[in-house]
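Data block below; observations after.
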Amino acid sequence: MEGYSTVRARRVLSDLSDEFRIMISKEPLIRSLERLRQAQGKSDYLGKLKTLLSLLEKCGVECGTKETFAFYEKTVNDLLQSGKFNSVANINRRMLAAVFDMTRMYDSPQEYLNQLVDRLTEGRWGNVSLRLKLLKQFIAEGNMLSYEKAAADGNKKTVYIYNGKTELTKYAKKKLGVKTLSKEQLLDAMDEGVFDLLIGAQKKMTDPDGKYGLIKMVNDLASGLFRTGGNTKRALYMFAMVFGMTFYVETPDQMRREMVIPDPQTDIETNLFVGYYCNSMIRFMQEDYDHVDLSAVDTDPGGSGINFKNYAEIVYLYYIARRDMNPLQKLCASNEMILAIDGMQKNLSETAETTPDGHQMGEGNTCFYRMLVYRPADENSDIFLMNEGELFDFLRDNYASDRQQRLGFMELSNEQNTAFAIYLELRKRLAQQLKCLDKGLDPFSRIEVTEEEIGYYLKTCRENTSFNPVRMYQDNIDGLIEDIKPYVRTGSFSREEIVRFVRLLGCFMNILDPQGGQKRLYIKSADHMSRTALLVLYYHYFNVRQQLVMDLDTMSFEQTFGFFGGLCPRENSADSPLEYDPNYTLDDIRNKPARMVPDDGVNTLLKAAYYQPLSGKNVFDIMTVFSSYIMYKA
Amino acid sequence: MFRVFSLKGKRHEEKRQSNQDAVKSGSNGRFSVITLADGVSTCKKARQGAQIACRVTKDLMLVNGDYMASCSGSELARSVVYHVNCELKKQAACDQLKPEDYSSTLSSVLYDKQQNTLTIFSVGDGIIFGVGKGGFRPLAMPGDSRYGTSVTTTVGVTREAVARTIDLDGIDTVWIFSDGAWRELFDRGLMKREAADLLENKNYQGLKELLIRHHSSDDMSFIAMDVTHKKRRTLA
């Protein structure tokens with residue numbers, strides 16, 4: 001019932017939980033005892049005691065709840081002197097080995113895309129390489145991303161969405177020794193040799209309108225080389241059209257002649273924007289990145305989701321959702337509509353209409369633009385039910401197309417105002433918590449912070465030193481191999497794998513580092529907003545909360561992951577199996593509504609910002625929570 | 001009134017395991033109910049969990065139909081989830097296992113003949129839809145599986161469940177399909193013409209033959225309930 005990737009993700013969470021269940025150091029025990037000391041005579045004493053007893057149980061010591069504080073203190077002190085604990089160095093080695101194991105369990109973007117391609121084509125292209133499968137499909141179904149149209153002089157001209165047809169045809173003719181070529185001959189002639197054309201090619205030749213544009217695009221997709229400037233996203237939409245992917249548009253709740261449902265196997269958002277594009281940190285473990293200049297690729301692990309404010313993406317989705325057109329027709333129609341709107345170079349500010357329900361068109365709000373696609377209730381406002389002429393008029397009037405000579409059309413309207421507002425509010429909350437920590441104040445007090453204080457306190461955010469050993473190992477790969485080899489559980493590995501692992505961790509640390517690297521705590525405008533920035537900010541907020549209010553020392557990794565997302569461990573609702581009472585009746589449900597502790601997790605924020613929620617299938621999410629988890633364990 | 005079909009998938013045949021789909025129906029004077037559950041194959045007691053989920057839901061809805069048909073969606077979801085999990089916990093205690101070992105999806109429809117309404121509950125990747133003269137009406141879509149399929153024991157599942165009561169509004173027959181079955185009826189999200197014709201004509205035998213022909217690796221099941229409203233003739 002569940003896909004293979006989903007089952008594997010559950011195993012990762014479970015395996016990590018098992019690994020760290022027994023990895024206790026002295027610090028959590030000492031902290032727990034101190035909290036119990038401070039809670040004596042107070043209402044939260046019992047809660048703090050249960051936490052301590054749980055830790056002691058993990059160390060193999062069982063105690064009852066009726067003993068005196070002095071008894072518990074002696075028990076802990078005896079344990080601390082017993083030598084049962086892992087040294088910090090040992091814990092770090094095991095942690096690094098566990099993370100290495102974890103990265104080996106995730107599909108790389110290439111593996112993921114290969115499975116997707118085989119599924120969408122039902123294995124049509126056999127066992128050739130992924131890039132060759134992609135190229136053949138673009139030839140077979142997409143005419144190499146080119147089409148004929150009538151020119152002004154009445155003749156036909158060829159339009160190239162991506163250039164490359166001429167070079168591919170030339171390659172095939174030369175290989176076969178023929179002067180004319182059928183499609184079948186062209187397909188047969190394609191082999192790995194065609195990609196040698198990229199070797200030594202100048203950058204201009206590999207741009208979308210360069211002579212090797214299509215070959216380069218295919219190669220990048222297959223290698224998981226995500227480019228900046230909207231290029232990868234545009235390639236994904238090309239892929240979606242050529243491979244017959246779907247985009248589900250909800251329709252009003254009534255009888256319909258045709259039954260259409262979301263298809264998770266072919267849906268573009270599920271498979272490309274959540275699956276392939278988002279789990280991109282694993283690509284740093286791939287051989288393809290061994291000689292790549294990281295400044296030329298998009299290192300943001302979050303990728304980007306569908307931007308509903310960008311007219312080109314709406315056009316692509318509109319045609320992907322059409323079931324009455326073949327791939328070439330979709331490519332042609334979408335490209336023509338985009339070119340026509342692009343030619344207008346129109347600003348949103350030129351539009352001043354108001355919708356019947358009071359929305360101001362062109363207000364730049366993500367929520368508003370999303371609802372144009374996802375609002376099923378009012379059939380008349382569903383833009384995906386419009387015909388092409390109506391859609392063109394609507395996009396022309398209500399979406400920005402003015403690129404101001406500096407942006408590609410895929411980069412338009414990238415500002416994420418809603419997400420940025422959430423980010424700023426969270427950043428203020430983080431500064432407030434840091435101030436409470438600094439001043440010894442009640443963390444739930446509504447303390448104000450000035451802009452200056454926000455800047456000041458953000459600088460005090462801690463780097464997670466648990467990954468510091470990696471900095472030591474960057475020039476000592478053999479040392480790292482020696483240290484983690486006894487603890488790696490996923491089989492033998494090569495030196496190259498460890499080198500790539502260090503590269504991955506380096507990228508990861510750069511992203512999480514509060515004061516260096518990519519400065520995710522200091523995003524200045526909605527243009528630079530991303531899911532990664534919000535997640536990194538929340539990570540630092542969560543770490544401070546750990547210090548202030550939470551008893552996370554005894555939680556398993558899986559529980560921490562749930563808590564980070566938004567499941568409070570003290571949640572007490574009808575969903576919790578622990579609370580089920582076999583004698584419960586329906587009257588009890590009616591009379592006693594569920595008691596829920598307010599959701600303070602990152603998923604509330606991600607959802608409000610229209611980002612994907614925390615996921616066990618996303619290795620960056622796993623590593624971020626993991627970094628929090630071990631912050632106070634070692 | 002009810003039509004049922006359930007076929008063990010090839011995967012379970014090869015491994016000599018049982019069919020992990022469960023299907024149940026029931027009726028009293030006023031209410032009729034159909035339920036379908038698909039056990040999570042990685043769980044030790046998938047089949048038993050699916051059977052428990054179906055049985056509990058069927059009994060709950062028949063005995064408390066009045067309440068179920070009139071309460072809010074969230075109350076409905078909580079009632080079903082709670083009762084199912086109570087039973088799973090009891091069984092788990094007997095077998096010295098965890099309730100999660102009995103996880104399954106769960107879909108059900110309660111038909112109130114008096115009020116002419118359908119009360120729908122669904123968790124997981126089953127599908128519920130109505131068929132009538134006007135065509136098709138989706139009543140519960142497969143849940144969003146991007147982050148894992150929700151099942152009866154998923155924490156927070158009441159928030160993700162489809163739970164609502166609607167008027168019949170032209171529906172003649174209600175269908176519940178497990179994912180192993182409905183995947184054979186659709187091609188990239190669009191119902192195949194052959195399947196649509198069989199459903200519109202209530203050709204149950206033809207539908208069974210189609211599924212047998214496409215015998216997939218997953219268990220395939222459906223259950224259908226005729227809800228054609230027969231008006232009572234009033235005596236002059």
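Computed from a predicted model, the values in this text were never measured in an experiment.
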(request) Scan for side-chain hydrogen bond (donor to acceptor under 3.5 Å, both in side chains) pairs involving residues 131-142 of chain B, sequence neighbours excluded, and state none if there are none. (result) A/Asp253-B/Arg137

(request) Taking only Lys NZ, Arg NE, NH1 and NH2, and the carboxylate oxygens of Asp or Glu, determine whether B/Lys202 and B/Asp226 approach each other closer than 4.0 Å. (result) yes

(message) Under a 4.5 Å cutoff for heavy-atom pairs, which residue among B/Arg188, B/Arg193, B/Met191, B/Met141 has the most contacts with chain A?
(response) B/Arg188

Using non-hydrogen atoms only, which part of [X] is less than 4.5 Å away from chain A: side chain, backbone, both, or neither?
{"X": "B/Glu200", "answer": "side chain"}
{"X": "B/Asp167", "answer": "neither"}
{"X": "B/Leu88", "answer": "neither"}

(message) Checking B/Ala224 now: which residues fulfil side chain to side chain contact (heavy atoms under 4.5 Å, CB included) with it, not counting sequence neighbours?
(response) B/Arg3, B/Thr173, B/Trp175, B/Tyr204

(message) Between B/Ser72 (side chain only) and B/Glu75 (backbone N and O only), is there a donor and an acceptor less than 3.5 Å apart?
(response) yes

(request) Using non-hydrogen atoms and a 4.5 Å limit, figure out which bit of A/Arg323 sits close to chain B: side chain, backbone, both or neither. (result) side chain

(request) Work out which heavy atom in A/Leu272 is nearest to a heavy atom in A/Leu113; give both atom names and the distance. (result) CD2-CD1, 4.3 Å

